Amino acid sequence: MASPNVSGQAYAFMAMTPVMPGEEQPLAEYLRGLRARGPSPLARLARTHLARFVIVPDFKNDPTWKQRHEEHLDLNYLIFTSNLDGDLDSYLDELCEKLAPEAKEIWGRCVGCPESAEGAALKTYLRHNQIDTGIFFAAYGEATVATVRKALREREKMIAFAIRAQGMAPAALHEAFLAEFIGAQ
Amino acid sequence: MASVQIDLGDIQGDILRAYGNDYDNTTYAFVKIECPPEQARAWFHGVVDHVTTAETWPPGEKPLTTLNVAVTAPGLRALGVSEDVVGSFSREFRAGMSSRSELLGDVGPSDPNSWEPGLGTGDAHVLLTINAKQAADHQRALGKMKEAMDAVGGLRIVYQEDTELLPGAREHFGYSDGFAQPAIEGASDDKARGGGVPLKDGKWRALAAGEFILGYPDEDTRVDPKKRLPNAPAAPLGRSGTYMVWRKLYQDIALWRRVMRDAAKLYEGGDEHLLSAKVVGRWTNGAPLVKYPDEEPRGYDPKTAEDVNDFRYDGDVDGMRCPLGAHIRRSNPRDALAAVAGPKGVIGFDGHLSFRHRMIRRGMPYGRVLPEGVTEDDGVDRGLVFVSFQGSISRQFEGVQVQWLNAGNIFGLGHDKDFLLGDPHGTGKMTIQGKPPFFLAPQEVFVRTRGGEYLFVPGMTALAALADGTAG
Amino acid sequence: MSIQTPAPAPITATGTQPRNHDGQAIAITVFSTIKLWGRVFLPVLFFVTRRIPKLTGTLRQLSFIHFARWTVIGKLPYNGPPQKKGRFRYPHMYFESNFNGGWEEYIDAFSHILTDGMTAFWGSSYGFPKPLPTAPFKRYIQDNETEADHYYCAYPEATSTMIQRSLELDKKLVALKRDARRMDPDAFAAAYRRFLTDAQNAL
């Protein structure tokens, strides 16, 4: 049976890890400050389509109280989800290597995270805290990030060409197209 | 469902039903209150006594002039309305149009910093709209307005726009305009075809009054078993009122003519008339392209022709008749959103993606016409005073401006902006669908925002409460 | 003329908090508490939905979602103290979506078009009002939504629809490129016209 985490070649990863008491605020500030410090570190993981970090402080209980018992989270939890290309194992390897500087600040503030917060130890930790998806919907699950990027670039190029080429005679059109899309050979 | 009874006597005029083209002259005067609230209310009292309501006139008894009133958020405060009550108005209304400039695309030459003085600064408090049949009546009404202000003192007109209908009731680009008005339950049910919500099997239904008039069920709550009403300001202001958007839009007619002339050289043997119609979605006489794709029908009278507004896009999913990015298709897409042609016909969502984004439009052109054939600018300020009425500025006016006109994504058009109203900062082109398609480029700025305000048009009871200082 | 640098894209990601968007992409993160019958019903619903792709056809046609997921969580992996061990009293549903357009338009579309689907997915959650009218439904989503602390999209200027159209275009363009060199100018001009006609709504 196909994994519920997979749609096409896309993979839905989710890890939900408990935040150490007292570290909630520093973790939130760190994550919220990432944008101000430059491009998202997640951009280093070239197989990531979309990803997020969300700290969930508690469950919301039903205000109409049809729910018999209140239920609360014991701690704040950090959710990391990623919509990624291909196989999870090699993705996590990449993550544990390329996100090492940030991982210590992020998962290093979570209960049970190994001291070093990198490499195989971090990978084992994330795997341990992985939660399987129920339904994964991917609009373009067959396309990798690289494929999408290339297609978007080609579209921009094609639009510009189509405007420029309007009204060209066949010979000029042919020549311009070869120059633009095939390159001189 | 029982039809809703609308209390016309409590609603200001020209909202649910247009006063009509009998009124050649319209003045918009923005008044700043520089006196204490009690003094301002004394003046306001006198104004309110002359306000025209939505009640229908007996045949042949249209008044020579009409008067209507709207207020901005600073205006409510200047009239002495409490912060609590002001806080019950919508966020975007309180923030004001100029604070939403980036969202609305009012950037570059449309930036609020370069707007007409008195607009977008918090100085415009009360908008008086005066309609008159003839110039003489118009002057008399303006004189009375100023007299009343001078009698009280501490009131100043910070911006005034005098407008006049153009010959043939066209707008400056040369198009007959303003037919696609929403049909409203209890007010204009007879206009449901084309004006209402497109349903399955070719049927239509008028829109719930609450989409436009507060205090009535809207399209969301009309079938609510709990009979909840849409969000509205605190009573009595929340009943019979509506939010109003006022924008002065300059139109660069000479530039428009040059761009169309030059672009048409590569289009259908130089058919400039057709190319312009493709951009707009209508021929100059108002005939919609989706009905008349090949040539402008002769003798077409938009005032009597039913198909001027009674049409859908289900027979034109690919935009071969009316381009997917045509102005009228973007600003009122009817059943077009996300519709696809399937083997067994069109699979679409009827009006489900568009029916919460309708507006009543009551614009007026301003400035002299640029004579036909002139392609160099003559320096005259001309364009359109855009006016819309809606229950929610963010959902209706801003939704259309942001998601439909400034961005093309929802139509599958990527970053293409509306070619008529947009700027080159999207893709910078418009696709005219065809075999092969034509790419209209480069995009220029034909329309610039010269100022605007978000206002609230109170109902008659609410106006009286504002004048009495009992609005809370 | 050519497009050198992509122009600043129009703002379409409206109606949500600032950390919930990256360019055109909006993140929505929602937890809900599931009634006990949902523990049985939801896995069945998920199973069926996975096997019948047609059920997600409407989502595909609406085309404003990049990726979305629904996950039922009955217990969390244990990492040692101070974390408490054991199952939750109620199962909880995690929902995330990555989409384009305004938050409000997104929920409206869900309510009006996927009314039955919304009821199927959230009907077993406590406090869930019906999808219609939308105002209470929006309030419910807002109450249960958590703002992202950091959100990333690999192509913030593009939308899901643009990506899908670009991928279609690319396939057609590959064919034209493959054949272009061995064609004579007239044959190419004809092929190019056919290509434009065929691919115009991806441009």
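Each chain gets a letter, A, B and so on, in the order the sequences are listed, and its residues count up from 1. Small disclaimer: the values here were computed from a predicted structure and weren't measured.
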Side chain from CB out, backbone as N, CA, C, O: work out which of these in C:Ile163 comes under 4.5 Å of a heavy atom of chain A, or both, or neither.
both
In Å and rounded to the nearest 0.5 Å, what is the CD to CZ distance from A:Glu175 to C:Phe188?
11.5 Å
Please look at C:Tyr192 and chain A and tell me whether the side chain, the backbone, both or neither of the residue comes under 4.5 angstrom of a heavy atom of that chain.
side chain
Under 4.5 Å from any heavy atom of chain A, what part of C:Gln83 do you find: side chain, backbone, both or neither?
both
Could you tell me if the side chain of C:Leu167 sits less than 4.5 Å from the side chain of A:Glu142, heavy atoms only?
no
Using side-chain contact (heavy atoms from CB on, under 4.5 Å), reason through C:Phe67 and A:Phe137 one step at a time and then give a plain yes or no.
CA-CA 5 Å; C:Phe67 297 94; A:Phe137 173 83; over 6 Å; no
Trace of the side-chain hydrogen bond (donor to acceptor under 3.5 Å, both in side chains) decision for C:Tyr78 with A:His128
CA-CA 9 Å; C:Tyr78 183 61; A:His128 173 69; over 6 Å; no
For A:Thr48 against C:Tyr152, the heavy-atom pair lying closest together
O-CE2, 3.9 Å
Proximal component of A:Ile79, with respect to chain C [non-hydrogen, under 4.5 Å]:
side chain
Please lay out, stage by stage, how C:Tyr94 and A:Thr133 fare under the test side-chain contact (heavy atoms from CB on, under 4.5 Å).
CA-CA 9 Å; C:Tyr94 172 84; A:Thr133 311; over 6 Å; no
Report yes if the side chains of C:Pro82 and A:Val111 come closer than 4.5 Å at any heavy-atom pair, otherwise no.
yes
C:Ser97 portion near chain A, given a 4.5 angstrom heavy-atom threshold:
backbone
Which atoms of C:Pro81 are under 4.5 Å from chain A, going by heavy atoms: the side chain, the backbone, both sets, or neither?
backbone
Using non-hydrogen atoms only, which part of C:Gln61 is less than 4.5 Å away from chain A: side chain, backbone, both, or neither?
neither
In Å, rounded to the nearest 0.5 Å, how long is the span from CD of A:Glu29 to CG of C:Asp149?
10.5 Å
For C:Ala191, is it the side chain, the backbone, both, or neither that has a heavy atom closer than 4.5 Å to a heavy atom of chain A?
neither
Measure C:Phe195 against the heavy atoms of chain A and call it side chain, backbone, both or neither at under 4.5 Å.
side chain
Measuring heavy-atom distances to chain C, does A:Tyr30 have an atom under 4.5 Å in its side chain, in its backbone, in both, or in neither?
neither
Which region of A:Phe80, side chain (C-beta onward) or backbone (N, CA, C, O), has a non-hydrogen atom less than 4.5 Å from a non-hydrogen atom of chain C, or is it both or neither?
neither
So, taking the atom named CG in C:Leu173 and the one named CZ in A:Phe177, what distance separates them when rounded to the nearest 0.5 Å?
5.5 Å
side-chain contact (heavy atoms from CB on, under 4.5 Å) assessment of C:Ile73 paired with A:Met14:
CA-CA 11 Å; C:Ile73 305 173; A:Met14 172 179 192; 4.0 Å; yes
Compare all side-chain heavy atoms of C:Arg19 with those of A:Leu31 and state whether any distance is below 4.5 angstrom.
no
Within this structure, what is the OG1-CZ distance for the pair A:Thr81 and C:Arg69, rounded to the nearest 0.5 Å?
4.5 Å
Measure the spacing between OG of C:Ser125 and NZ of A:Lys60 and express it to the nearest 0.5 Å.
13.5 Å
A:Arg52 and C:Asn98: side-chain donor and acceptor closer than 3.5 Å?
yes
C:His66 versus A:Tyr140, side-chain donor and acceptor atoms under 3.5 Å
yes
Minimal non-hydrogen separation, C:Lys84 against A:Asp74, with atom names
N-OD2, 2.7 Å
Contacting region of C:Leu76 [heavy-atom separation from chain A under 4.5 Å]:
side chain
Closest non-hydrogen atoms of A:Ala138 and C:Arg60, given as atom of the first, atom of the second and distance, are O-NH1, 3.3 Å
Show, in sequence, the C-alpha distance, side-chain angles and deciding distance for A:Phe59 and C:Phe88, and conclude whether the ring-ring contact (aromatic ring centres under 6.0 Å, His included) test is met.
CA-CA 11 Å; A:Phe59 291 133; C:Phe88 292 127; 5.2 Å; yes
Do A:Ile55 and C:Glu147 touch side chain to side chain, with heavy atoms closer than 4.5 Å?
no
salt_bridge(C:Asp170, A:Lys150) N-O dist < 4.0 Å:
yes
Taking the side chain as everything from C-beta on, heavy atoms only, tell me whether A:Asp132 gets closer than 4.5 Å to C:Thr71.
no
With a 4.5 angstrom heavy-atom cut-off, could you sort out which part of C:Leu196 is near chain A: side chain, backbone, both or neither?
side chain
For chain C, which candidate among A:Ala43, A:Ala162, A:Ala143 shows the most heavy-atom pairs at distances under 4.5 Å?
A:Ala43
Would you say C:Gln142 has more than 12 foreign heavy atoms packed within less than 6.0 Å of its CD?
yes
Just wondering, do C:Leu176 and A:Phe181 contact through their side chains at under 4.5 Å, heavy atoms?
no
Separation between CG of A:Leu178 and CE of C:Met183, rounded to the nearest 0.5 Å
10.5 Å
Salt bridge or not between A:Glu154 and C:Lys177? Use side-chain N to carboxylate O under 4.0 Å.
yes
Report the option among A:Val54, A:Leu34, A:Thr17, A:Ile135 that has the most heavy-atom pairs separated by less than 4.5 Å from atoms of chain C.
A:Ile135
Do C:Asn79 and A:Tyr125 come within less than 4.5 Å of each other through their side chains, counting heavy atoms only?
yes
With the side chain counted from C-beta on, respond yes when C:Glu96 and A:Asn83 share a heavy-atom pair under 4.5 Å apart, and no when they do not.
yes
Heavy-atom pair with the smallest gap, counting every atom of C:Ala180 and A:His174
O-NE2, 2.8 Å
Distance only, no hydrogens: is a donor on one side chain within 3.5 Å (strictly under) of an acceptor on the other, for A:His69 and C:Tyr90?
no
Of all of C:Gly127, C:Ala154, C:Ala202, which one pairs up most often with chain A through heavy atoms under 4.5 Å apart?
C:Ala154
Donor-acceptor contact below 3.5 Å, side chain C:His150 vs main chain A:Ala28
no
Using non-hydrogen atoms and a 4.5 Å limit, figure out which bit of C:Leu59 sits close to chain A: side chain, backbone, both or neither.
both
In this structure, are over 12 heavy atoms from other groups packed under 6.0 Å from C:Lys130 atom NZ?
no
Between C:Ala27, C:Ala187, C:Ala25, which has the largest tally of heavy atom pairs under 4.5 Å with chain A?
C:Ala27
Does one side chain, of C:Thr33 or A:Glu71, offer a donor that lies under 3.5 Å from an acceptor on the other?
no
Taking C:Pro77, C:Ser63, C:Ala189 one by one, which has the highest count of heavy-atom pairs under 4.5 Å against chain A?
C:Pro77
